Amino acid sequence: MKNSTLLPILGATLNSLLGPRVLVYVSCALSIWGDRMWHFALSVFLIELYGRNLLLTAVFGLVVAGSVLLFGVLIGDWIDRKPRNKVAHASLFLQNSSVTTCCIVLMLVFSYKNEIEGVWQGWLTVACYVAVIILADLASLASTALAITIQRDWIVVMTGDNRSQLAGMNATIRRMDQIINIFAPLSVGQVMTWASNVIGCGFILGWNLVSLLVEFLFLSKVYQLVPQLAAKPRRCTGDNFLKRQLELISSQGEIHSCPTTDEFANMSKTLEGPEDQPSPLEAQQDMTSRFPLGLRQIQRLVRTCCDGWKTYCGQTVFLAGLGLAFLYTTVLGFDCITTGYAYTQGIGGSLLSLLMAISAFSGLVGTILFTRLRRSYGLVHTGLISSCLHIGCLLLCVFSVFAPGSPFDLVHVSAFERNINQPILPGRSAIHWTNNTVLMDGAQESNQPESYVSIILLFSGVILARIGLWSFDLTVTQLLQENIADSERGTVNGVQCSMNYLMDLIHFILVILAPAPQQFGLLVFISIIFVIMGHTMYFVYARRYRSQNPRTQKTPKRDREAFLI
């Protein structure tokens with residue numbers, strides 16, 4: 001009797017554990033953990049390869065940012081055109097195989113560095129550097145494609161019209177990202193510290209091989225369990241004239257899917273009039289067919305990029321996405337810039353690691369706040385509340401510029417001022433590591449500040465602001481998920497990634513122009529301006545949304561979510 005009662009319970013538990021949502025969570029966790037380990041370890045490996053200075057790291061960052069800027073639209077277009085399972089499997093295989101191959105190259109270089117430096121007068125070493133950067137860049141592009149595919153497309157299809165489940169899945173994945181960001185670098189860092197860089201490469205290599213197999217099986221299972229993933233709408237093709245005519249037709253009678261080739265040809269003949277006149281599309285094809293094959297391919301790629309940006313700018317949530325991208329132009333976050341500034345103000349590595357852990361917890365609070373605000377006030381109003389919270393907390397960073405202990409001084413410092421006795425590149429004994437940043441001893445260490453009030457206000461604002469930041473990020477992410485057509489989801493999110501990297505590059509350029517600690521206050525002001533501009537764009541979007549949906553202003557609170565999400 002007990003067995004007959006226990007078996008259904010075990011069966012239901014097993015079915016829930018093998019459900020598509022759990023499989024997606026596990027796949028995302030494995031992918032995020034591998035990415036975090038790899039990004040942290042690679043920064044260490046690149047510095048070790050080139051005499052412990054930051055040249056290769058800077059080159060790699062520039063290559064990755066430039067690659068996403070150039071190929072983000074093309075990646076999104078490829079995601080839209082191909083079946084979902086093939087896109088996921090190809091991205092997964094390219095990402096893990098690139099990291100695995102790169103680890104093999106690094107293991108060879110670390111094991112036989114002296115021998116390699118003597119081959120071809122050192123050019124083999126340069127070739128190894130180039131190979132590492134190219135392979136790591138390919139892994140980064142594949143990781144971007146996989147994230148767009150799973151986190152911006154698959155989970156939208158899986159949740160269907162249940163937007164509460166969509167918000168829950170978005171928040172859960174973001175919480176996993178925050179937690180993994182603490183422990184993944186720590187795990188591989190311990191291996192590299194107590195063993196060696198070669199063992200660290202082997203550890204990452206083994207992780208990627210196991211992760212590749214598990215993620216492949218889990219994603220394949222999800223694709224089988226959710227038949228809606230196989231029903232991917234085709235993108236409409238044709239020249240701009242026919243697209244405008246189809247939009248006119250769809251406004252009179254709704255078109256639910258793209259026309260077939262024969263239907264499109266019939267529409268073309270109907271819209272063009274006499275048969276003896278060539279269509280604009282045929283005339284364009286006749287003109288481009290005269291070009292060489294390589295030139296035609298370049299023209300097609302350029303046209304795809306232009307169409308992708310036009311598609312992005314034509315979205316109803318364009319201002320919301322652009323506002324999110326503007327938030328990337330800031331030094332008020334836990335990156336190498338802010339933590340490096342804190343180190344010059346007398347904050348040690350152990351305290352910085354503790355502050356990073358607190359900031360991760362703050363991000364978790366932001367994801368919880370998002371789900372509760374969205375349930376009570378709706379998605380659009382959640383973004384407004386999150387924006388106000390984000391800006392309000394960052395005002396503490398503005399106050400820190402004028403607080404006691406602040407080194408802010410634009411009068412007695414020059415952007416190009418440097419002690420001639422200070423080496424351009426740090427020595428081999430002048431570097432040590434924290435979780436996510438490189439810290440330098442010796443000549444890099446400055447005197448203790450007169451007061452710690454300024455740095456306390458700065459990090460209080462940065463940590464507290466992450467609550468509103470992550471809530472706002474989840475809001476815009478879900479707006480993009482809900483308001484973009486299935487056939488354009490990859491393209492729009494690819495352009496969004498390009499915009500994020502572009503604005504991130506701008507903030508690094510600003511740091512290059514104003515690198516002194518005395519100029520950090522100026523960077524804080526510029527960051528606040530960009531943050532306010534980004535949230536202002538969202539306010540404009542929210543105002544337009546309210547004007548187009550006047551019913552939301554008269555809807556009771558318990559029913560308001562149906563319109564606002």
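The residues of the chain are indexed from 1 along the displayed sequence. All values reported here derive from a predicted model rather than from experimental measurement.
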Report yes if the side chains of [X] and [Y] come closer than 4.5 Å at any heavy-atom pair, otherwise no.
X      : Y      : answer
Arg36  : Asp177 : yes
Met158 : Val222 : yes
Ile150 : Leu219 : yes
Trp470 : Val365 : no
Leu464 : Ser362 : no
Val24  : Arg21  : no
Gln315 : Asn483 : no
Tyr538 : Thr475 : yes

Phe370 vs Leu379, side chain to side chain contact (heavy atoms under 4.5 Å, CB included): CA-CA, chis, key distance, verdict: CA-CA 9 Å; Phe370 163 75; Leu379 191 59; 3.8 Å; yes
Between atom [atom1] of [X] and atom [atom2] of [Y], what is the distance when rounded to the nearest 0.5 Å?
X      : Y      : atom1 : atom2 : result
Met537 : Leu327 : CE    : CG    : 9.5 Å
Leu364 : Leu369 : CG    : CG    : 12.5 Å
Gln95  : Asn208 : CD    : CG    : 7.0 Å
Leu166 : Arg163 : CG    : CZ    : 8.5 Å
Ser406 : Gln518 : OG    : CD    : 9.5 Å
Arg489 : Glu482 : CZ    : CD    : 10.0 Å

Hey, mind stepping through Thr367 and Arg175 against side chain to side chain donor-acceptor pair (under 3.5 Å) and telling me if it holds? CA-CA 7 Å; Thr367 62; Arg175 290 165 191 161; 2.9 Å; yes
Please check this pair: side chain of [X] against backbone of [Y], looking for a donor-acceptor N/O pair closer than 3.5 Å.
X      : Y      : value
Thr159 : Val156 : yes
Gln481 : Ala167 : no
Asp473 : Leu469 : no
Asn96  : Leu92  : yes
Ser67  : Val63  : yes
Gln178 : Arg174 : no
Ser143 : Ala139 : no
Ser31  : Ser27  : no
His507 : Asp504 : yes
Glu488 : Ala485 : no

Minimal non-hydrogen separation, [X] against [Y], with atom names:
X      : Y      : answer
Ser164 : Arg374 : OG-NH2, 2.9 Å
Ser498 : Leu69  : O-CD2, 3.0 Å
Ser471 : Ser386 : OG-OG, 2.6 Å
Leu30  : Trp207 : O-NE1, 3.7 Å
Pro407 : Tyr341 : CD-OH, 3.2 Å
Ala41  : Val188 : CB-CG2, 4.3 Å

Could you check Leu479 against Tyr541 for side chain to side chain contact (heavy atoms under 4.5 Å, CB included), going step by step and ending with a plain yes or no? CA-CA 11 Å; Leu479 285 172; Tyr541 161 77; 3.6 Å; yes
For Thr477 and Asn170, run side chain to side chain donor-acceptor pair (under 3.5 Å): C-alpha distance rounded to whole Å, both residues' side-chain angles, the deciding distance at 0.1 Å, then the answer. CA-CA 8 Å; Thr477 297; Asn170 285 330; over 6 Å; no
I'd like to know whether CZ of Phe93 has more than 12 heavy-atom contacts from other residues, nucleotides or ligands below 6.0 angstrom.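 Not buried by this count: 12 neighbours or fewer within 6.0 Å.
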Tell me, yes or no, whether the heavy-atom count around Phe539 atom CZ, taken from other residues, nucleotides or ligands under 6.0 Å, exceeds 12.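 Check passes, neighbour count above 12.
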Begin with the C-alpha distance, continue with both residues' side-chain angles, and end with the deciding distance and a verdict on ring pair (Phe, Tyr, Trp, His ring centres under 6.0 Å) for His535 and Phe472. CA-CA 9 Å; His535 288 303; Phe472 180 78; 4.7 Å; yes
Pairs touching residues 320-332 that satisfy side chain to side chain donor-acceptor pair (under 3.5 Å), sequence neighbours left out: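 Non-adjacent pairs meeting side chain to side chain donor-acceptor pair (under 3.5 Å): zero.
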May I have the step-by-step check of side chain to side chain contact (heavy atoms under 4.5 Å, CB included) for Phe525 and Ile528, ending in yes or no? CA-CA 5 Å; Phe525 296 147; Ile528 290 293; 5.8 Å; no
Enumerate, atom names and distances included, each donor-acceptor pair closer than 3.5 Å involving a side-chain atom of residues 391-405, sequence neighbours excluded.
from: Ser400; atom 1: OG; to: Cys397; atom 2: O; distance (Å): 2.5

Any idea how Tyr312 and Trp309 line up, ring-wise: parallel (<30°), tilted (30 to 60°), or perpendicular (>60°)?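 The arrangement is perpendicular - the two ring planes meet at more than 60°.
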On the 0 to 90° scale, with breaks at 30° and 60°, tag the Tyr223-Trp154 ring pair as parallel, tilted or perpendicular.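 Rings of Tyr223 and Trp154: tilted, as their planes differ by 30° to 60°.
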Derivation of the side chain to side chain contact (heavy atoms under 4.5 Å, CB included) call for Leu458 and Leu332: CA-CA 8 Å; Leu458 175 68; Leu332 303 177; 3.9 Å; yes
